[in-house]
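Worksheet: the structure to be examined is printed underneath.
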Protein chains: 2
Amino acid sequence: MGRTSDARERLLQSAIDLIWTNSYAAVGVDQICERAGVKKGSFYHFFPSKTELALAAYDAHWESIQPHLDAIFSPLVPPLERIERWCHALYEHQKELYDRYGCVCGCPYANVGTELGTRDDRIRARVGDYFDRFQRYLESALRDLTAEGITLSAGVKVTAQSILSCELGLLVRAKVANDPEVLRELMPSVLRLLAVAPSSPTISTP
Amino acid sequence: MGRTSDARERLLQSAIDLIWTNSYAAVGVDQICERAGVKKGSFYHFFPSKTELALAAYDAHWESIQPHLDAIFSPLVPPLERIERWCHALYEHQKELYDRYGCVCGCPYANVGTELGTRDDRIRARVGDYFDRFQRYLESALRDLTAEGITLSAGVKVTAQSILSCELGLLVRAKVANDPEVLRELMPSVLRLLAVAPSSPTISTP
DNA sequence: GAAATAGTTGACCGATCGGTACAGTTGAAC
DNA sequence: GTTCAACTGTACCGATCGGTCAACTATTTC
């Protein structure tokens, strides 16, 4: 009973878009509503506060990218190629945002994590969850890599953490330089972290 | 002629402290004034805008840490030990802030760079300058390392970029996890990036 | 078709934002 | 000791912030 609406979904999408390309504090509730074509009264019908909207929006965003991560890190793909695919997809995604908005947007989770990390424990912890989830993709690939007989220069978990750190830092540098090409350094850096010799310029296929 | 005052310096210090432990947008001009014990009228006597204050504050902050960086990266210190000292100082500094404020604050430059990167070109470019400056310390150490006959797994510049990325990403992860101990991973990651075997648990002294 | 519920609307709130105006006070230079 | 610029204090500005509220409309269920 009662009417139905997709206003909630539009609000989630607007929130991610605006916060990603600006920042949490720089985007107001009014602005999110206007982009979503929703009046303020409706906003507070769906969400009790701006913070709750943000949490819901980031959950929705993760759910939207998870299938892509599942595909990129498919166990059917050779483990090193999974990581190479991910590096490439990361660059392409940021390049696309750069072409559309004129600026490197960086990692949406890291952005809000650094902005609100010291002020909102719930958002901080949630961002940490996303990092952990993503790290598991890396760990799985690294375990499969060792199963192929390749010896890492450190443990699987520690190596995955280093790769994640390197990625996050590279996204910061790319954003600050406003140059997506900075992200091309990712795969070479990963290879050096693995202490695996960079074999051929193309993806190594059997 | 006219009277003198250290209100300007107090404002610069307050701005760094507050923005570092919170965020740029979360800290108001009133708040900065109150902490500095300065009235708003005086604020706008010294600075034409909040943005100008931020730029001046970050310049002042860099000037305050540069002597420490000069000491840590002294050419009289063995190059690998310079980097090890830096990793240690970074941890100690963040730990100190954590003990004082109860939260990991991360890199002040990267924080404001990610927050305002897409909205204020001047601040973004300035943060890029600080990154470049710091990278030169690393490059110098790496060049001296190669002069000792040690071969890096990649070029000096690229390696320095990777180390910087790893540091920035680690600071993001430490902030999001609100755990300074995350930063202990820095030196091991750096060693893997250098492809130098981690020799002894203590600093290698001649 | 009546009732109940889900969603919409626009006016409105107090607080705070960055910034302004300007008279008043101080101290160094001469 | 006068002068003048440097600094301080206070009151105030319009805009915007996140959030509230009650009346209203549409839709589904029975």
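Protein chains get the first letters and strands the later ones, always in sequence-line order, with residue 1 at the start of each.
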Rounded distance (Å) that lies between atom P of C:dT8 and atom CZ of A:R8 = 13 Å
Residues touching DNA chain D, which here means a heavy atom under 4.0 Å, drawn from residues 116-127 of chain B | none
For B:W20, all residues meeting ring pair (Phe, Tyr, Trp, His ring centres under 6.0 Å), sequence neighbours excluded = B:H61, B:H93
By salt bridge (Lys or Arg N to Asp or Glu O under 4.0 Å), B:E52 pairs with (sequence neighbours left out) B:R122
Interface residues of residues 19-43 of chain A with DNA chain C (non-hydrogen, below 4.0 angstrom) = A:K39, A:G41, A:S42
Partners passing salt bridge (Lys or Arg N to Asp or Glu O under 4.0 Å) against B:R133 (at least two apart in sequence or in another chain) = none
Most 5' of A:R10 and B:T4 on DNA chain C, judged by nearest nucleotide = A:R10
Under the salt bridge (charged side-chain N to carboxylate O under 4.0 Å, His left out) rule, what pairs show up with a residue in residues 27-38 of chain A, not counting sequence neighbours?
-> A:D17-A:R35, A:D30-A:K40
Qualifying residues under ring pair (Phe, Tyr, Trp, His ring centres under 6.0 Å), relative to A:Y137, sequence neighbours excluded | A:F73
Reading DNA chain D 5' to 3', which nucleotide is the first, and which the last, to come under 4.0 Å of any heavy atom in chain A?
-> D:dC17 to D:dT29
In whole angstroms, how far is the C1' atom of C:dA21 from the OH atom of B:Y44?
-> 14 Å
Residues passing the ring pair (Phe, Tyr, Trp, His ring centres under 6.0 Å) test with A:F131, sequence neighbours excluded, are none
So, B:N178 side chain and B:V104 main chain: donor-acceptor pair closer than 3.5 Å or not?
-> yes
Could I get the full list of ring pair (Phe, Tyr, Trp, His ring centres under 6.0 Å) partners for A:F47, not counting sequence neighbours?
-> A:F43
Scan residues 153-166 of chain B for pairs that pass salt bridge (charged side-chain N to carboxylate O under 4.0 Å, His left out), counting only residues two or more places apart or in two chains.
-> B:E139-B:K157
Could you tell me which residues satisfy salt bridge (Lys or Arg N to Asp or Glu O under 4.0 Å) with B:R136, sequence neighbours excluded, listed by chain and number?
-> none
